[in-house]
Amino acid sequence: MSEKTEKTEPRLSVFKTYKLYVGGKFPRSESGRVYEVTDSKGNWLANAPRSSRKDARDAVVAARKAFGGWSGATAYNRGQVLYRVAEMLEGRREQFVREVAEAEGLSKAKASAVVDAAVDRWVWYAGWTDKIAQVVGGANPVAGPYFNLSSPEPTGVVAVLAPQDSSFLGLVSVLAPVIATGNTAVVVASAQAPLPALSLGEVLATSDVPGGVVNILSGGTAELGAPLAAHQDVNAIDLAGADAELAKELEVAAADNLKRVLRPQAVDYSATPGIDRMTAFLETKTVWHPTGALGASGSSY
């Protein structure tokens with residue numbers, strides 16, 4: 001008697017719903033809008049939220065609320081958190097390899113190399129969190145009986161326009177230095193390839209990064225860049241993902257409250273970064289204190 005073979009019903013595809021990452025939560029766009037994201041060959045991948053000006057303002061509010069706790073954390077603790085991001089990315093490596101390959105039209109081998117570099121970039125900046133102060137701070141020689149000490153402090157809320165062509169490694173390369181130094185960030189993902197950035201939000205949510213420290217928006221770079229550049233509670237803006245014309249407009253808008261501006265520049269994101277992107281969003285606090293010398297004799301207490 002022959003055994004009957006069971007027929008398996010075909011499964012329906014389970015499509016992923018991509019959402020924004022704001023204040024540690026995953027809202028849809030306030031506007032209800034979405035736009036189609038396609039791969040390098042024009043094939044549909046997913047619908048991504050098209051963020052509005054209201055979403056940008058909400059992200060700034062979340063970033064400001066998180067700034068006190070994140071900037072007040074010890075540098076060592078921030079390093080542990082950044083390293084945890086690398087750990088979680090390593091565990092979801094295959095997902096990001098697939099998303100990067102589809103987003104940028106890369107082979108699996110090249111996409112794997114990009115993801116590995118992005119994981120290593122988190123580790124690299126994790127190691128800098130408790131060292132940058134020694135490199136850019138220190139004691140200054142002055143003419144008088146005083147200690148004169150300079151130390152770096154985070155600027156505040158930083159808007160980051162992520163690179164358009166490097167949807168993941170470039171994104172990590174501009175985001176990690178911002179939060180490594182104690183700033184909080186509002187990130188506008190690559191307009192054409194936002195999916196790796198939106199998936200990164202899921203990693204950050206499970207990596208001990210406090211809600212609001214990183215906020216990720218998808219949509220039009222110009223549409224979101226304009227309100228962020230003009231926002232009075234944004235302290236700095238990185239224009240990495242803006243073209244020359246848009247960068248000029250945003251720089252003019254940013255001047256209204258004297259934001260720090262990092263202009264777009266040609267960058268090889270595969271190369272080991274320097275400290276420029278960390279120091280770009282640091283302020284220097286200098287403290288004077290008497291040494292205790294008394295009178296011309298040089299006696300001291």
S.K.: I'd like to know if the side chain of Asn47 and the backbone of Val37 have a donor-acceptor N/O pair within less than 3.5 Å.
M.R.: no
S.K.: Phe281 versus Leu262: any side-chain heavy-atom pair under 4.5 Å?
M.R.: yes
S.K.: Using a strict threshold of under 4.0 Å (side-chain N to carboxylate O), is an ion pair present between Lys248 and Glu251?
M.R.: no
S.K.: Can you name the nearest heavy-atom pair linking Lys259 to Ala229, along with the distance?
M.R.: NZ-O, 2.6 Å
S.K.: Kindly indicate whether the side chain of Leu200, heavy atoms from C-beta on, has any atom under 4.5 Å from the side chain of Leu89.
M.R.: yes
S.K.: Between Val22 and Glu30, is there a side-chain heavy-atom distance shorter than 4.5 Å?
M.R.: no
S.K.: Do Phe168 and Ser199 touch side chain to side chain, with heavy atoms closer than 4.5 Å?
M.R.: no
S.K.: Starting at OH of Tyr83, measure out to CG of Asp208 and round the result to the nearest 0.5 Å.
M.R.: 13.5 Å
S.K.: Out of Thr206, Val119, Leu204, which residue meets the side-chain contact (heavy atoms from CB on, under 4.5 Å) rule with Met88?
M.R.: Thr206
S.K.: Give a yes or no on whether Asn77 atom CG has more than 12 heavy-atom contacts from other residues, nucleotides or ligands under 6.0 Å away.
M.R.: yes
S.K.: Do the charged groups of Asp130 and Arg78 touch, with an N to O distance under 4.0 Å?
M.R.: no
S.K.: Salt bridge or not between Glu202 and Arg92? Use side-chain N to carboxylate O under 4.0 Å.
M.R.: yes
S.K.: Mind checking whether Trp288 and Tyr146 have parallel, tilted or perpendicular rings, split at 30° and 60°?
M.R.: perpendicular
